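Bear in mind the structure is a predicted one, so any value in this text is a computation, not a measurement.
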Amino acid sequence: MIQHVVVPVDGSPATIGAAMVGSRIAASGSGTLQLVDVVDHDTRALAHVAHVTPDATVVMTAGARARPPTLLQEFRGPLVLVGPRCDVVGDEALDGTYVVALDGSIGDEGVLPVVAAWTVEFGGTPWLVDVVEPWRRRTPDMVESAYVNHRALRLRRRIGCTVEHE
């Protein structure tokens with residue numbers, strides 16, 4: 001499933017929690033775990049490590065020195081964000097709700113198999129959401145709604161579990 005997990009750390013409790021989650025993810029698929037020290041909010045080094053590492057998945061948390069929006073501009077691989085209230089020490093720490101942002105891009109096709117594997121491996125519920133630019137959404141659009149609905153139905157058939165969507 002996941003071959004290599006990269007976790008930015010800065011010594012804060014939030015990044016220690018992300019490292020714990022990253023460790024569980026890596027162990028579930030006999031993958032490797034790499035911790036990257038982030039200094040002064042600079043995510044370029046983290047993005048470089050993620051780019052040069054084949055099949056890398058970045059696991060991080062908000063509220064630390066590494067900022068998810070900055071990394072998203074540099075890295076195009078899987079990114080797992082650990083929420084601030086995630087129970088990282090519990091046995092069931094990975095079986096919560098997985099929010100999956102779909103925007104109609106080619107990347108959507110790449111993330112759905114990862115979400116399927118994650119759900120089968122750890123349990124939990126995928127929640128597919130439609131993401132569009134704020135200036136595009138003036139009135140509800142049936143085509144956009146149908147897109148997320150179709151993706152949710154396909155994922156539900158693939159994994160045999162509940163898939164929420166909106």
* Positive for side chain to side chain contact (heavy atoms under 4.5 Å, CB included) with V5, one of L35, L33, V58, V80 -> L33
Hey, does [Y] have a side-chain heavy atom less than 4.5 Å from the side chain of [X]?
| X | Y | answer |
| --- | --- | --- |
| V6 | V59 | no |
| L128 | L155 | yes |
| V100 | W127 | no |
| H150 | H165 | no |
| T119 | Y98 | yes |
| M60 | V7 | no |
| R156 | P126 | no |

* What do the steps show when you test V129 against L102 for side chain to side chain contact (heavy atoms under 4.5 Å, CB included), and what is the final call? -> CA-CA 6 Å; V129 297; L102 301 178; over 6 Å; no
For [X] and [Y], which heavy atoms make the closest approach, and how far apart are they?
| X | Y | result |
| --- | --- | --- |
| A14 | T61 | O-CG2, 3.3 Å |
| I16 | G11 | CD1-O, 3.9 Å |
| V82 | A18 | CG2-CA, 4.2 Å |

* Has the side chain of T15 got a donor or acceptor atom that lies under 3.5 Å from a matching backbone atom of D10? -> yes
* Asked: Under 3.5 Å, is there a donor-acceptor pair between the side chain of T53 and the main chain of V49?
  -> yes
* With side chain to side chain contact (heavy atoms under 4.5 Å, CB included) as the test, would you mind laying out the steps for E166 and V148 before giving the verdict? => CA-CA 7 Å; E166 63 180 66; V148 174; over 6 Å; no
* To do: Quick one: pull up CH2 in W118 and CD1 in I25 and give me the separation to the nearest 0.5 Å.
  => 3.0 Å
* Asked: Quick one: CG on D130 to CG on N149, what's the gap to the nearest 0.5 Å?
  -> 11.0 Å
* **Joint hydrophobic cluster, L153 plus V115, side-chain heavy atoms closer than 4.5 Å** => no
